Amino acid sequence: MCGIVGYVGNRPATEILLTGIKRLEYRGYDSAGIAVVDGGGIHLLKDRGKVRDLVEKVGAEWPAELREEVRNGIAHTRWATHGPPNAVNAHPHTDQSGRLAMVHNGIIENYVDIKRQLSAKGHVFKSETDSEALIHLIGEYYQGDLLHAVCAALKRVEGTFGIAVMAADQPGTIIAARRGSPILIGVGDDETLVASDAAAIVSHTRQVIYLDDNDVAVVTADGLEICDIDTVPVSREIASLDWDTSAAEKGGFEHFMLKEIFEQPDALTNCIRGRLDTDLGTAILAGLALPPRELADIGRLIMVACGTSMNAGMVGEYYFEDLADLQADVEQAAEFRYRNPIVSPRDMVLAISQSGETADTLAAVREATERGALIAGLCNVVGSTIARETGRGIYLHAGPEIGVASTKAFTCQVAVLLMMALKIGRCRRLSRHRGRQICEDIMAIPDAVRNVLAANDRIAKVAQVCAKADNMFFIGRGYMYPVALEGALKLKEISYVHAEGYHAAELKHGPIALLQEDVPVVALALDLPGREKMLGNIQECRARKAPVIAVVTEDDQELSEHADQVIRIPRTCAMTAPIPAAVALQLLAYHTARIRGCEIDQPRNLAKSVTVE
Ligand code: AGP
C-alpha cells in the first residue's frame with residue numbers, strides 16, 4: 001500500500017527518488033522518507049506528511065552535494081499499518097549499526113518474535129513498525145555480503161514484503177526482493193531503478209522486469225542479477241511497459257479522478273476495441289483461452305473481489321444469469337478463504353481487481369487454485385500479481401488509474417463482464433440475433449458516457465445538495481442496485497458524507513427510519529424494468545420529507561416531476577445502463593467532495609491498492 005523507489009546510476013538520485021515517490025503518492029501518503037548513499041555513508045531524511053513536505057525538507061536541510069551529486073538511494077511513501085504516521089515510523093529504517101537502510105511494503109507478521117530475540121542480543125528499536133525488525137535482522141547477518149544477509153533474514157520472515165535495501169559500504173548496489181508485495185526493476189542506460197509500481201519509473205525507462213515471489217535481485221547501474229532466496233540464480237523476462245508517460249500526469253484537470261472520469265469514453269473504446277464479432281454476435285476474449293465446449297460446460301461462476309471491483313462483479317451476476325443462464329455469484333474476497341467455499345472443477349473463479357495486487361483477492365485466487373477450480377482474472381494493471389497468477393484472464397485496457405477512487409476501472413470491468421457473458425452465452429443458449437443486438441449496444445456505450453459527461457455542470461449543481469448532507473442513501477433495483485452501492489461507496493470515500501447503498505425495496509425493512517428532510521436519497525429510476533416500483537419508492541422517501549435526487553432516462557418527463565433534483569442520462573438498453581449511470585454518480589461524488597474542500601485524489605485513511613489483509 002506504500003510506494004517504493006530505488007535508484008542506482010549516473011544521475012543525481014535525490015530528484016529522481018523524490019519525483020518517483022511523488023508519482024506513487026496515491027499508494028500511501030501519510031509519511032515519506034529518503035536515504036541516499038555515498039562514500040560518506042547513509043544520509044537519511046524522513047517525516048510525517050506528504051511527499052511535498054519531504055521535498056521542502058530536503059531543500060531546506062540537505063546540502064547541495066546530497067541533493068545534486070549522490071547517485072544512489074531509496075525512498076518511500078507510507079500508508080501506516082504498524083505505528084502512527086510520524087518521523088520515527090516513516091521509512092527508510094536502519095539496522096542496529098546504522099550502516100544499512102531499507103524501505104518495505106507489506107507486513108512482517110512475526111516481527112514481535114524477531115524483535116524479542118534481537119532485543120535479547122542488545123538491539124534497540126526506535127520505531128513501532130514491523131519493518132524495523134526486518135532490517136535489524138538483516139543487519140544481524142550482515143558481514144559484508146548484503147545478498148546473503150538479506151536472504152538469510154528473509155528465510156526467517158513470515159508475512160509479505162517488497163523491499164529495497166542498501167549498505168553504506170556498497171553505495172552502488174540495491175538488494176530488492178518480494179513476497180506478496182510487488183517489486184519491479186526498470187532497466188535503463190547505465191542506470192537501474194527499483195519500484196513498487198511502474199508509475200515511478202516510466203519516465204526513465206520502459207524496460208522492466210517483474211520480480212516473482214521469493215525473488216531477490218542484486219541491482220547495480222549495469223543491470224541486475226536475480227536469484228531465489230537460496231541464492232540459486234533464476235531468469236526473468238524483460239517486459240515492455242506500454243504506458244504513455246502522460247498517464248501519470250493530470251493533463252490540465254484539477255484532479256486525477258476528474259481526468260479519469262473524463263477519460264472513460266476513450267478507456268471504454270480501448271476496452272471494447274477488437275473484442276466484438278458483430279457478425280457472429282459474440283465477443284473475442286483471447287485471454288479466456290478455453291474452448292467453447294468448456295465455456296459452455298462451466299458449472300458456476302464465482303467472482304471474488306473487493307470494493308468497487310466487487311460492485312462491478314454484482315452487475316456481472318445479472319449479465320451471466322440473463323445472457324448465459326449461468327449461475328454467477330460474487331463473493332467478498334476477504335471472506336472466501338475463511339469459509340468453506342464449495343468449488344468444483346467445473347466452476348470458474350474469476351478474480352476482479354483493478355490493481356491486480358489486492359491481498360484478499362489474491363488470497364482467494366490461491367484458495368480457489370488449491371481447490372481445483374478453473375481460475376481467471378480480470379485486471380487492469382498489466383503484469384500484476386493476480387494477472388500473472390491466474391494465467392488465464394482479460395485485461396481492461398483502461399490505462400493507468402491513479403485516483404484512489406476507482407472510476408474508469410469500474411466501467412471497463414462492467415463492459416468486460418458484459419462481453420464475457422456474451423461470449424459464454426453464445427457458447428450456451430444465446431441466439432446469434434440477440435448476440436448481434438448486444439454487440440450494437442456495447443458499441444454505443446462510449447457515446448452514452450460522452451453524453452453524461454456533457455451534463456457535468458448540471459451534476460455539479462445537484463452536488464450542492466449532497467455537499468450539505470451528513471447522511472445519504474442511494475437506491476436502485478435490478479441492474480441499478482449494484483450501481484447504487486457503487487454510488488454510495490464513491491461518495492463516502494472521497495467526500496466523507498456518510499452514504500449507504502440499498503436495494504430500493506430494502507429501504508422499508510429498516511433504513512427508512514432514518515429518512516428526514518436533511519437526508520437526501522439518490523434514486524436510480526431509469527426507464528427500465530422496475531421503473532414503476534421505483535416511482536413508488538420515491539414517493540415513500542418524499543412522504544418522509546427526504547429530498548430525492550432522481551437519475552432518470554433523459555426523456556422521462558413524468559418521473560422527473562416526482563423528484564427534487566434530476567440527473568438525466570441517455571436512453572440505452574438495460575444491460576449497458578449501469579455504465580452511464582455510474583459515470584453520473586462518479587461526477588456527483590467528485591463535485592460533492594470538491595465543494596466540501598476534500599483532498600479528492602488522496603482521501604483520508606485510504607490507499608490505492610490494499611496489499612495487506
Ligand atoms: C474504489 O474506489 C476503492 N478505492 C476500492 O474499493 C477498490 O476498488 C478495492 O480496494 C479493490 O481494489 P482492486 O480493484 O485494485 O482489487
Side-chain angles (χ1 to χ4, degrees), residues 1 26-29 79 180-182 196-199 255-258 260-261 264 267 303-316 330-336 349-366 377-390 393-396 398-414 416-417 474 482-483 485-496 499 501 582-583 585-590 592-593 598-613:
M1 320 222 345
Y26 69 103
R27 319 249 341 184
Y29 34 81
W79 184 89
S181 194
S196 53
D197 183 323
H255 298 99
F256 278 111
M257 182 183 179
L258 189 62
E260 287 158 7
I261 291 174
Q264 286 176 108
M303 292 171 272
V304 288
C306 303
T308 286
S309 296
M310 189 169 74
N311 292 338
M314 287 180 71
V315 182
V330 181
E331 300 272 351
Q332 218 165 47
E335 271 305 295
F336 187 76
V349 172
L350 176 70
I352 309 174
S353 173
Q354 186 287 129
S355 61
E357 303 293 348
T358 301
D360 286 320
T361 311
L362 181 58
V365 164
R366 291 178 177 162
L378 206 173
C379 298
N380 192 36
V381 177
V382 176
S384 56
T385 310
I386 293 174
R388 288 184 297 141
E389 286 206 13
T390 49
I394 309 165
Y395 281 119
L396 300 181
E401 191 179 69
I402 307 283
V404 168
S406 186
T407 53
K408 60 181 180 173
F410 175 80
T411 49
C412 289
Q413 283 165 341
V414 171
V416 169
L417 289 166
F474 286 67
V483 178
L485 301 184
E486 175 58 11
L489 173 61
K490 215 84 303 170
L491 187 77
K492 65 186 142 197
E493 74 177 320
I494 59 165
S495 75
Y496 318 136
V583 174
L585 299 190
Q586 293 165 359
L587 285 171
L588 190 66
Y590 173 82
T592 304
C598 302
E599 285 227 42
I600 293 177
D601 283 331
Q602 293 172 358
R604 71 181 176 214
N605 304 338
L606 294 182
K608 181 65 180 165
S609 58
V610 182
T611 52
V612 293
E613 282 189 56

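Model, not experiment: these values are computed from the prediction. Order of listing sets the numbers, starting from 1, for every ligand and every atom in it.
Near G307, with a cut-off below 4.0 Å to any heavy atom, the atoms of ligand 1 are 6 (O). Each of the atoms 13 (P), 14 (O), 15 (O), 16 (O) of ligand 1 lies under 4.0 Å from some heavy atom of S353. Listed by number with element, the atoms of ligand 1 under 4.0 Å from a non-hydrogen atom of V404 are 2 (O), 4 (N). With ligand atoms numbered from 1 in the order given, ligand 1 contributes 1 (C), 2 (O) to contacts under 4.0 Å with heavy atoms of S406.
The residue among N311, T308, I386, D360 with a heavy atom at the shortest distance from atom 7 (C) of ligand 1 is T308.
Between E357 and I386 the shortest side-chain heavy-atom distance does not fall below 4.5 Å. Between Q354 and K408 the shortest side-chain heavy-atom distance does not fall below 4.5 Å. In this structure, V315 and L417 have side chains that are not in contact, with every pair of non-hydrogen atoms separated by 4.5 Å or more. The side-chain heavy atoms of S406 and E401, taken from C-beta on, include a pair separated by under 4.5 Å. Side-chain atoms of L587 and I261, non-hydrogen and from C-beta on, do get closer than 4.5 Å to each other.
Looking at atom 14 (O) of ligand 1, its nearest protein heavy atom turns out to be S309 OG, 2.5 Å. Remark: minimum distance from atom 15 (O) of ligand 1 to any protein heavy atom is reached at S355 OG, 2.6 Å. At the top of the distance list for atom 9 (C) of ligand 1, counting protein heavy atoms only, stands C306 O, 3.7 Å. Protein heavy atom in closest approach to atom 16 (O) of ligand 1: T358 OG1, 2.4 Å. With hydrogens left out, the protein atom closest to atom 3 (C) of ligand 1 is E493 OE1, 3.6 Å, a heavy atom. Among all non-hydrogen protein atoms, the one lying nearest atom 10 (O) of ligand 1 is V610 CG2, 4.0 Å.
Under 3.5 Å, the side chains of T308 and E486 contain a donor-acceptor pair of N or O atoms.
Residue-to-ligand polar distances keep A405 apart from ligand 1: every N/O pair is separated by 3.5 Å or more. On a distance-only criterion, Q354 and ligand 1 share at least one N/O pair closer than 3.5 Å.
Counting heavy atoms closer than 4.0 Å to ligand 1, residue K490 contributes side-chain atoms (C-beta onward) but none from N, CA, C or O.
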Can you check side chain to side chain donor-acceptor pair (under 3.5 Å) on Q413 and S309, steps first, answer last? CA-CA 7 Å; Q413 283 165 341; S309 296; 2.9 Å; yes
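Taking 4.0 Å as the cut-off between side-chain N and carboxylate O, R366 and E389 count as a salt-bridged pair.
A donor-acceptor pair under 3.5 Å is formed between the side chain of E260 and the backbone N or O of I402.
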